[in-house]
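I have placed the structure first, in the form of structure tokens, so that the comments after it can refer back to it.
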Amino acid sequence: MPDYRLEQSCREKGYSRICGVDEAGRGPLAGPVYAAAVILPFEATIDGLDDSKKLSEAKREALFDEIREVAVSFAVASASVEEIEALNILKATMLAMERAVAALKPAADFALIDGNRTPAGLRIPGCAVVKGDARSMSVAAASVLAKVSRDRLLKEYHARYPQYGFDRHKGYGTKLHIERIRQYGPCEIHRPSFLTKIR
């Protein structure tokens, strides 16, 4: 389970507003990529908080509101399908993370970034943390905000494009989604570079 050991290590180095940062939606065939940044009060208790991928949708939804109530600061940002296509998914993900950190009010003074690299445009010091969403409470909180925010958007897309089943697969490359793309062709929220192997 995530804890505050990484945040404590940052505090011992003189930082006081440490944000966790995570993304959602790097792998899907459709929709933007999302990122969130969260500063939690040090050692705040949020029961059941974990890597969003390990949680049920109902649990993520409940934690979403609790995280927002407890957080010192939080922000959610995204990079569009057009930006994904222009930059590539990795650079677009980094851009979404940069935007989320930059939008924090009050601002963070250090960032714990889930993954193995830090965004080049980050305006504050930071470090990459592999499996950060399973290790850091702040990163786990960011993972929930990013995931829930993106999932809610894909449900809105379902109302516009009901034939693809976005409410069920959230844009990921499931058997159903691929079958619907073959049946109906792609729509404007699909990522063309992700569809090259679908005939």
Side-chain angles (χ1 to χ4, degrees), residues 1-28 32-55 59-79 83-84 87-151:
M1 295 292 290
D3 56 36
Y4 285 99
R5 282 181 287 183
L6 290 170
E7 287 86 345
Q8 177 59 30
S9 176
C10 294
R11 286 168 67 91
E12 291 170 358
K13 295 173 183 174
Y15 298 105
S16 61
R17 294 189 305 277
I18 300 111
C19 70
V21 186
D22 201 2
E23 55 77 24
R26 279 182 66 170
V33 61
Y34 265 61
V38 181
I39 304 172
L40 293 176
F42 187 59
E43 294 192 343
T45 300
I46 303 177
D47 290 335
L49 179 58
D50 202 346
D51 171 5
S52 65
K53 296 185 289 296
K54 299 177 183 177
L55 303 172
K59 182 62 175 176
R60 288 194 299 266
E61 286 283 349
L63 285 169
F64 183 87
D65 292 331
E66 184 174 356
I67 291 164
R68 286 158 49 103
E69 289 172 6
V70 168
V72 173
S73 181
F74 68 88
V76 178
S78 65
E83 287 170 326
I84 292 169
L87 298 173
N88 75 40
I89 186 58
L90 176 60
K91 290 179 180 177
T93 301
M94 296 295 110
L95 178 60
M97 288 181 167
E98 292 166 11
R99 287 171 172 166
V101 173
L104 287 170
K105 294 181 181 179
D109 59 6
F110 194 89
L112 297 169
I113 309 287
D114 184 64
N116 60 6
R117 65 184 70 202
T118 58
L122 203 63
R123 299 175 188 172
I124 59 173
C127 68
V129 182
V130 175
K131 299 188 185 303
D133 45 10
R135 296 173 59 192
S136 158
M137 287 288 282
S138 301
V139 178
S143 78
V144 170
L145 294 195
K147 173 68 173 165
V148 172
S149 297
R150 188 179 186 280
D151 283 357

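- The distance from the OG atom of S78 to the CZ atom of R99 is 7.0 Å, given to the nearest 0.5 Å.
- Annotation: the span from R117 atom CZ to M94 atom CE amounts to 6.5 Å, rounded to 0.5 Å.
- Side chains of V139 and V129 form no contact here, defined as non-hydrogen atoms less than 4.5 Å apart.
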Just do the side chain to side chain contact (heavy atoms under 4.5 Å, CB included) check on L55 and L63 with the steps written out, would you? CA-CA 10 Å; L55 303 172; L63 285 169; 3.5 Å; yes
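- Considering only heavy atoms from C-beta on, C10 comes within 4.5 Å of L112 through its side chain.
- Of all non-hydrogen atoms in R60 and V144, the two that sit nearest each other are O-CG1, 3.6 Å.
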Using the rule given for side chain to side chain contact (heavy atoms under 4.5 Å, CB included), can you reason through V101 versus R123, listing the C-alpha separation, both sets of side-chain angles and the distance that settles it, and then say yes or no? CA-CA 8 Å; V101 173; R123 299 175 188 172; over 6 Å; no
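- A salt bridge is absent between E43 and R11: the closest approach of a Lys/Arg side-chain nitrogen to an acidic carboxylate oxygen does not fall below 4.0 angstrom.
- At distances below 3.5 Å, not a single donor-acceptor pair connects side-chain atoms of E98 with backbone N or O atoms of P119.
- Side-chain atoms of R26 never come within 3.5 Å of backbone atoms of V33 as a donor-acceptor pair (strictly under, hydrogens ignored).
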(message) If you apply the rule side chain to side chain contact (heavy atoms under 4.5 Å, CB included), what do you find for L40 with V72, and how did you get there?
(response) CA-CA 5 Å; L40 293 176; V72 173; over 6 Å; no
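- Panel note: side chain R17, backbone F110; no donor-acceptor pair is recorded below 3.5 Å.
- The shortest side-chain heavy-atom distance between C19 and V38 does not fall under the 4.5 Å cut-off.
- Between M1 and D50, the closest side-chain pair of non-hydrogen atoms falls below 4.5 Å.
- Counting only distance, with no hydrogens or angles, the side chain of S73 and the backbone of I39 share no donor-acceptor pair below 3.5 Å.
- With salt bridges taken as basic N to acidic carboxylate O contacts below 4.0 Å, none links K54 and D133.
- Taken from OG1 in T45 to CD in E66, the straight-line distance is 9.5 Å, to the nearest 0.5 Å.
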Should S149 and F64 be marked as a side chain to side chain contact (heavy atoms under 4.5 Å, CB included) after you check the CA-CA gap, both sets of side-chain angles, and the distance that decides it?
CA-CA 9 Å; S149 297; F64 183 87; 3.6 Å; yes
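- Under a 3.5 Å cut-off, the side chain of N116 and the backbone N or O of V130 do not form any donor-acceptor pair.
- Without hydrogens or angle criteria, S143 side chain to D51 main chain gives no donor-acceptor distance under 3.5 Å.
- S138 and G20 make their closest contact through CB-N, 3.5 Å (heavy atoms, listed as atom of the first residue, atom of the second, distance).
- Residues E7 and I18 share a closest heavy-atom pair of O-CD1, 3.8 Å.
- Atoms CG and NZ, on D109 and K13 in that order, are 12.5 Å from each other to the nearest 0.5 Å.
- Between Y4 and S136, every side-chain heavy-atom pair lies at or beyond the 4.5 Å cut-off.
- Taking the side chain as every heavy atom from C-beta outward, F74 and L145 approach each other to under 4.5 Å.
- For the pair E23 and Y34, the minimum side-chain heavy-atom distance is 4.5 Å or more.
- Once rounded to the nearest 0.5 Å, the distance linking CE of M137 with CG of D3 reads 8.5 Å.
- Between P125 and Y15, some side-chain heavy-atom pair lies under the 4.5 Å cut-off.
- Residue A77 comes nearest to A100 through the heavy atom pair CB-N, 3.5 Å, listed as atom of the first residue, atom of the second, then distance.
- In this structure, P2 and A140 approach most closely via the heavy-atom pair CG-CB, 4.0 Å.
- Looking at every heavy atom in both residues, L90 comes nearest to N88 through N-OD1, 3.0 Å.
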